[in-house]
Engineer: 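I have a structure I would like to understand better, so I am pasting it below and will then ask my questions one at a time.
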Amino acid sequence: MKFFSSPHFSQRPLPRIGVGAMPFGDGTADPANAESVWHRSFDLGMTLINTADCYAPSAEAFGLNEVQVGNAVRSYAAGRDAITVVTKNGLRRKGTDWWRDNTYDYMLSAAEASAERLGFAPDVLCLHRRNREQPIEDATRALMTARERGLTKTIGMSNITPDEFRAVWEVSEGTLAFVENERSPRYRDNTEVLDLCSEHGVVFLAWSPLGGARLAHDISSLAPALTEVASRHTVGGSPATPQQVALAWLLTQSPMMLPIPAFTRFETAEASAASVELMLTAEDLELLNSDNYRASSNFPD
């Protein structure tokens, strides 16, 4: 695995590719396999794991994925300090209803609950989804208070616009450390936010980097150039896959780019980790960048 440093995160070097934890929390995959798959991912160098308090199969199980991640990180042989843990607050559930609460009081209470479920303060605490009827400045101040109280080490934002980035940057006095927005060969928006992250040294976590759970296995049908480029390369002595090309392509877009694919099998974890070794040529990039496929977000605001 290759690593990089961020000026706003001094705890440890960050891997170029991390782990999306959601499938083991929302009922998509057998939770009994979570710890072994994540430990294997950490061993491969993917030492950042991304969760959220709302990743659960039901409202009654709210926080389940954080508990799973906390258990896996604390039981990892290299210890909790080897792993960067990202979690998110700001979405609420009751029964089948979901809503967004970005108020100062709720965000601060949610931060306390996340640290309790994890069993430690996360390295990064993000606002998950914006309620644009509530000031983003209030949520930012809540995250800053959480940081001051030792409930997180750094703060982040998810699913924000360029103007929201600028507002948070000002309120946080330049201490915004992470942004988590969607980006993949399927969904190519958020370029201006990515550029702002590159300019300010903010880590850009790309969620759904393979197009989303339903499409990841067949991403080449949506972006055909991936298959053509994959046919030109090998990774670790094996033919490259379109998924590996997709991750390698994202890594070329910014030194602050950190895709967080979700996987539930050892084989997929190993293939994802190996993608950092895939060196795309100028010809590859010209083809991939000219692929005009566009799609709406997996979770539009």
Side-chain angles (χ1 to χ4, degrees), residues 14-23 26 28 41 46 48-52 55 86 88 126 128-129 156-162 165 178-198 202-230 233 235 240-265 268-269 271-278 280 284-301:
L14 293 165
R16 291 311 309 271
I17 294 179
V19 180
M22 185 171 68
D26 67 3
T28 304
S41 303
M46 292 181 287
L48 178 144
I49 188 164
N50 181 77
T51 183
Y55 292 168
V86 182
K88 302 179 291 293
C126 298
H128 197 164
R129 283 278 174 179
M157 288 280 159
S158 297
N159 306 299
I160 58 170
T161 67
F165 180 105
F178 287 74
V179 165
E180 182 184 338
N181 274 23
E182 183 177 7
R183 192 166 175 89
S184 71
R186 169 192 172 276
Y187 183 74
R188 302 184 182 209
D189 287 356
N190 290 312
T191 297
E192 188 175 352
V193 175
L194 177 58
D195 290 344
L196 286 166
C197 287
S198 301
V202 174
V203 179
F204 185 100
L205 301 171
W207 63 264
S208 284
L210 299 179
R214 291 175 296 176
L215 302 173
H217 70 287
D218 194 29
I219 190 173
S220 58
S221 67
L222 299 175
L226 296 169
T227 298
E228 181 175 342
V229 171
H233 294 274
V235 179
T241 67
Q243 290 81 5
Q244 289 175 317
V245 172
L247 294 174
W249 174 73
L250 284 170
L251 293 177
T252 67
Q253 296 175 12
S254 168
M256 306 311 295
M257 170 66 73
L258 201 169
I260 45 172
F263 31 75
T264 59
R265 300 181 302 121
T268 316
S272 297
S275 64
V276 300
E277 305 301 329
L278 202 168
L280 299 174
D284 294 334
L285 291 173
E286 182 178 4
L287 180 60
L288 292 167
N289 291 334
S290 66
D291 191 322
N292 293 320
Y293 182 81
R294 293 292 185 276
S296 60
S297 171
N298 278 309
F299 297 98
D301 280 343

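None of the values given here were measured: they were computed from a predicted structure. Position 1 is the first residue of the sequence, and the numbers go up from there.
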Engineer: Which heavy-atom pair separates M46 from G18 by the least distance, and what is that distance?
Structural biologist: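 So the minimum-distance heavy-atom pair works out to SD-O, 4.2 Å.
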Engineer: Decide side-chain contact (heavy atoms from CB on, under 4.5 Å) for D189 and S297; before the verdict, give the C-alpha distance in whole Å, the side-chain angles of both, and the deciding distance to 0.1 Å.
Structural biologist: CA-CA 9 Å; D189 287 356; S297 171; over 6 Å; no
Engineer: On a heavy-atom basis, which atom in R183 and which in N190 lie closest, and how many Å separate them?
Structural biologist: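 Between these two residues, the closest heavy atoms are NH1-C, 4.1 Å.
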Engineer: Once you measure the plane-to-plane angle for W207 and F299, does it fall in the parallel (<30°), tilted (30-60°) or perpendicular (>60°) bin?
Structural biologist: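 Taking F299 first and then W207, their aromatic rings sit tilted (interplane angle of 30° to 60°).
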Engineer: Starting from the C-alpha separation in whole Å, work towards a yes-or-no answer on side-chain contact (heavy atoms from CB on, under 4.5 Å) for L196 and V202.
Structural biologist: CA-CA 8 Å; L196 286 166; V202 174; over 6 Å; no
Engineer: Tell me, please, which residues at least two apart from D26 pass salt bridge (Lys or Arg N to Asp or Glu O under 4.0 Å).
Structural biologist: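 Salt bridge (Lys or Arg N to Asp or Glu O under 4.0 Å) list for D26, sorted by chain: empty.
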Engineer: Given the rule in the side-chain contact (heavy atoms from CB on, under 4.5 Å) test, do L205 and L48 qualify, once you have shown the distances and angles that lead to the verdict?
Structural biologist: CA-CA 10 Å; L205 301 171; L48 178 144; 4.2 Å; yes
Engineer: Just so I know, are the side chains of D284 and H233 near enough to count as touching, which here means a heavy-atom distance under 4.5 Å?
Structural biologist: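 Yes, their side chains come closer than 4.5 Å.
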Engineer: Please determine, by modelled atom types, if W249 and N289 share a side-chain donor-acceptor pair under 3.5 angstrom.
Structural biologist: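 Looking only at side-chain atoms, N289 and W249 do form a donor-acceptor pair, the distance falling under 3.5 Å.
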Engineer: Would you find a donor on one side and an acceptor on the other, under 3.5 Å apart, between the side chain of R129 and the backbone of S158?
Structural biologist: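 Pair absent, no side-chain N/O of R129 close to backbone of S158.
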Engineer: Using a 3.5 Å distance criterion without hydrogens, assess whether the side chain of Q244 forms a donor-acceptor pair with backbone atoms of T241.
Structural biologist: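 Such a contact is found between Q244 side chain and T241 backbone.
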Engineer: Tell me every residue that passes side chain to side chain contact (heavy atoms under 4.5 Å, CB included) with E228, counting only those two or more places apart in sequence or in another chain.
Structural biologist: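 Only R232, L287 meet the side chain to side chain contact (heavy atoms under 4.5 Å, CB included) criterion with E228.
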Engineer: Ignoring hydrogens and angles, tell me if any N or O in the side chain of N50 forms a donor-acceptor pair with the backbone of V19 under 3.5 Å.
Structural biologist: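 It does not hold such a pair.
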Engineer: Does L288 form a side-chain contact (heavy atoms from CB on, under 4.5 Å) with L226? I'd like the steps, not just the answer.
Structural biologist: CA-CA 7 Å; L288 292 167; L226 296 169; 3.7 Å; yes
